[in-house]
K.L.:
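The structure follows.
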Amino acid sequence: MWNSEQKNIWKDIKDTWNEQPQSEKINIQVSQLINEFKGKVSQFEKDSINSDIATLKLNWTNTKSNKVTQFEKNSIKKDINIISGFIRKIIAKFQR
């Protein structure tokens with residue numbers, strides 16, 4: 001659950017983003033990248049990510065106490081790498 005500071009920071013980011021003159025063009029490009037990303041992710045990867053998220057939600061107390069198995073850590077690391085690759089694509093689009 002987000003605390004109020006995190007909510008305020010996210011609100012500031014959204015407000016700043018929406019006030020930019022090219023935000024609509026960037027939103028369209030990001031939407032296209034998201035669709036491309038979704039098209040390239042296998043069902044197995046989607047299921048794996050959803051499973052990891054469900055595991056984290058169910059075991060949040062254990063996760064906060066560093067009681068995560070090595071398998072879970074490896075699986076989460078893999079998912080983060082997939083998401084990071086997607087974010088790198090978005091950043092590359094912004095730099096063009």
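These values consider heavy atoms only, across backbone and side chains, with no hydrogens, waters or symmetry-generated copies.
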K.L.:
Would you say K73 and I76 make side-chain contact, with heavy atoms under 4.5 Å?
P.N.:
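Counting from C-beta outward, K73 and I76 never come under 4.5 Å.
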K.L.:
How far apart are the closest heavy atoms of E36 and K89, and which atoms are they?
P.N.:
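Shortest heavy-atom contact: OE2-NZ, 3.2 Å.
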K.L.:
Applying a strict under-4.5 Å side-chain criterion to I, L, V, M, F, W and Y, I'd like to know whether V30 and V41 cluster together.
P.N.:
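Shared cluster, yes.
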K.L.:
Looking at every heavy atom in both I34 and F86, which two are closest together, and how far apart are they?
P.N.:
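Closest heavy-atom pair between I34 and F86: CG1-CZ, 3.3 Å.
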K.L.:
Hey, is the main chain of S51 close enough, under 3.5 Å, to the side chain of T55 for a donor-acceptor pair?
P.N.:
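It does hold such a pair.
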K.L.:
To the nearest 0.5 Å, how far apart are CZ in F37 and CD1 in I87?
P.N.:
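Here the rounded value is 9.0 Å.
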K.L.:
Can you tell me how far apart NZ (K46) and CD1 (I82) are? Round to the nearest 0.5 Å.
P.N.:
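Interatomic distance, K46 NZ to I82 CD1, rounded to 0.5 Å: 11.5 Å.
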K.L.:
Can you tell me how far apart CD1 (I90) and CG (L33) are? Round to the nearest 0.5 Å.
P.N.:
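Going from the CD1 atom of I90 to the CG atom of L33 covers 6.0 Å.
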K.L.:
Over all heavy atoms of both residues, which pair between D52 and S75 is shortest? Give the atoms and the distance, please.
P.N.:
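Heavy atoms of D52 and S75 come nearest at OD2-OG, 2.7 Å.
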K.L.:
Evaluate the side-chain proximity of N74 to K78: yes if any heavy-atom separation is below 4.5 Å, no if none is.
P.N.:
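The answer is no, as the side chains (C-beta and beyond) never meet within the 4.5 Å cut-off.
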